[in-house]
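Worksheet: one structure, shown below.
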Amino acid sequence: AFVTVTGSTANATFELSEPIYASQGSVWWAWTAPESGDYTLTVTSDFGYWPSLAVFTGSSLADLILITNAAFSGNDWTYSTRVVLQADAGMTYPIAVASGANITLQVAKSLPPSVALTSPTDGATVLLGQIVNLVADAADPDGTVSRVEFYHFNGARALGSVTNPPFVLAMNTTNLFTGYNWVQASATDDQGLTTVSPQIRLLVKYPLPVNDNFADRLKLSGMFLRVE
């Protein structure tokens, strides 16, 4: 379950003496941990806006101490970033959020899953019309992975999903383009937290002629006919 708030960071500013961990002005929340444990804080912004998130201790700007911070890096389609916080029960944590647009801030008492594409390898070459197994290594440190989804071109198009390990999707390369393609996977755990893998690049080529190589040369056969 999540604690969720929404708001806007449009036209936000920085205060004098405010610790700055964003390129744009920040807005603030304060969250008190109901119990000790590991929490994941996630901020998601409108499409095209890069959010940042910083968590502190302290009760005034002058005595704020940074605990952790993160910013969206542009490596996936989510326009979100997150931090993992080992919180103490009853402690209040100031939270600074920036993006320049509308945001959603969520707190979950859970750790996020991990996911990586293990096959094909990054930079692999495949043939158009070939069946390729997309293999993801996904795990969750404090629960289970409920599904893994595979995407083409930075989330622009879904290729399919798998709900049980091993997380393998048999894909026909006709679902890709000839030339270079970028593929990613996302893993969602039983608490609803999602992690996106680094992308891999695949080169899709047209199939070669059967006698493209010298060793596969075809013999000429037949006979000459003479017609009188």
Side-chain angles (χ1 to χ4, degrees), residues 1-2 40 42-51 70-84 104 106 108 110-218:
F2 294 92
T40 300
T42 305
V43 60
T44 303
S45 188
D46 288 342
F47 183 86
Y49 292 85
W50 294 34
F72 178 65
S73 60
N75 292 327
D76 57 56
W77 63 92
T78 61
Y79 289 95
S80 68
T81 191
R82 70 178 175 218
V83 297
V84 173
T104 298
Q106 294 181 312
S110 181
L111 292 171
S114 62
V115 60
L117 281 167
T118 59
S119 183
T121 57
D122 185 32
T125 297
V126 296
L127 299 178
L128 188 66
Q130 180 182 351
I131 302 298
V132 173
N133 284 334
L134 299 178
V135 182
D137 181 12
D140 189 60
D142 58 357
T144 59
V145 175
S146 58
R147 72 180 181 275
V148 171
E149 297 170 284
F150 298 88
Y151 292 92
H152 183 216
F153 268 113
N154 204 19
R157 191 160 58 91
L159 296 171
S161 64
V162 182
T163 56
N164 294 299
F167 299 107
V168 180
L169 178 69
M171 177 198 67
N172 193 311
T173 55
T174 55
N175 285 314
L176 305 179
F177 306 138
T178 53
Y180 288 106
N181 295 259
W182 284 262
V183 176
Q184 287 175 285
S186 69
T188 302
D189 68 11
D190 53 343
Q191 297 298 313
L193 291 172
T194 297
T195 299
V196 179
S197 75
Q199 61 186 4
I200 63 169
R201 187 177 71 167
L202 301 178
L203 176 58
V204 179
K205 290 185 173 181
Y206 286 107
L208 302 174
V210 294
N211 57 340
D212 185 64
N213 295 321
F214 177 81
D216 299 321
R217 60 195 182 277
L218 300 177

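As the structure is a computational prediction, the values presented were derived from the model and not from experiment.
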Point to revise | Within-4.5 Å side-chain heavy-atom neighbours: W50 and T81 | key: no
Check your understanding: With a 4.5 Å heavy-atom cut-off, do H152 and N175 have their side chains touching?
Key -> no
Exercise for review: For D216 and V210, work out which heavy atoms get closest and say how close.
Suggested key: CB-O, 3.3 Å
**Study point:** Side chain proximity check, P166 to V135, heavy atoms < 4.5 angstrom
**Key:** no
Exercise for review: Answer yes if the ring centres of Y49 and Y79 are under 6.0 angstrom apart, and no otherwise.
Suggested key: no
Exercise for review: Return the minimal non-hydrogen interatomic distance between R82 and A70, and the atom names on each side.
Suggested key: O-CB, 3.4 Å
Check your understanding: For the atom pair CG (D137) and CZ (F167), what is the distance rounded to the nearest 0.5 Å?
Key -> 9.5 Å
**Study point:** V43 vs F72, side chain to side chain contact (heavy atoms under 4.5 Å, CB included): CA-CA, chis, key distance, verdict
**Key:** CA-CA 9 Å; V43 60; F72 178 65; over 6 Å; no
Review point. Is S45 reaching over with its side chain to a backbone N or O of P51, donor-acceptor style, under 3.5 angstrom?
Key: no
Exercise for review: First locate atom CG of D190, then atom CZ of R147, and finally report the distance between them rounded to the nearest 0.5 Å.
Suggested key: 11.5 Å
Revision key, fill the gap. Paired with T188, the side chain to side chain donor-acceptor pair (under 3.5 Å) test is passed by just one of T194, T163, T195, namely T194
**Study point:** Closest non-hydrogen atom pair between T44 and S80, with its separation
**Key:** OG1-CB, 3.3 Å
Study note, to complete from the structure: Closest non-hydrogen contact found for W182 with R201 is CZ2-CD, 3.5 Å
Study note, to complete from the structure: Only one of T173, T174, N181 passes side-chain contact (heavy atoms from CB on, under 4.5 Å) with F177, and that residue is N181
Exercise for review: Could you walk me through whether Q184 and N75 pass the side chain to side chain contact (heavy atoms under 4.5 Å, CB included) test, one step at a time?
Suggested key: CA-CA 10 Å; Q184 287 175 285; N75 292 327; 5.5 Å; no
Point to revise | Closest non-hydrogen atom pair, D140 against L111 | key: OD1-O, 3.3 Å
Exercise for review: Taking the side chain as every heavy atom from C-beta outward, state whether D142 and S110 have any atom pair closer than 4.5 Å.
Suggested key: yes
Point to revise | Closest non-hydrogen atom pair, V145 against A187 | key: CG1-CB, 4.2 Å
Practice item. Please determine which of V132, D122, L159 meets the side-chain contact (heavy atoms from CB on, under 4.5 Å) test together with V183. Key: L159
Point to revise | Backbone of A215 reached by a side-chain donor or acceptor of N213 within 3.5 Å | key: no
Review point. Just how far is it from atom CG of L193 to atom OG of S146, taken to the nearest 0.5 Å?
Key: 10.0 Å
Practice item. Measure the spacing between OG1 of T178 and NZ of K205 and express it to the nearest 0.5 Å. Key: 12.0 Å
Review point. Which value, rounded to the nearest 0.5 Å, describes the distance between L169 atom CG and L117 atom CG?
Key: 10.5 Å
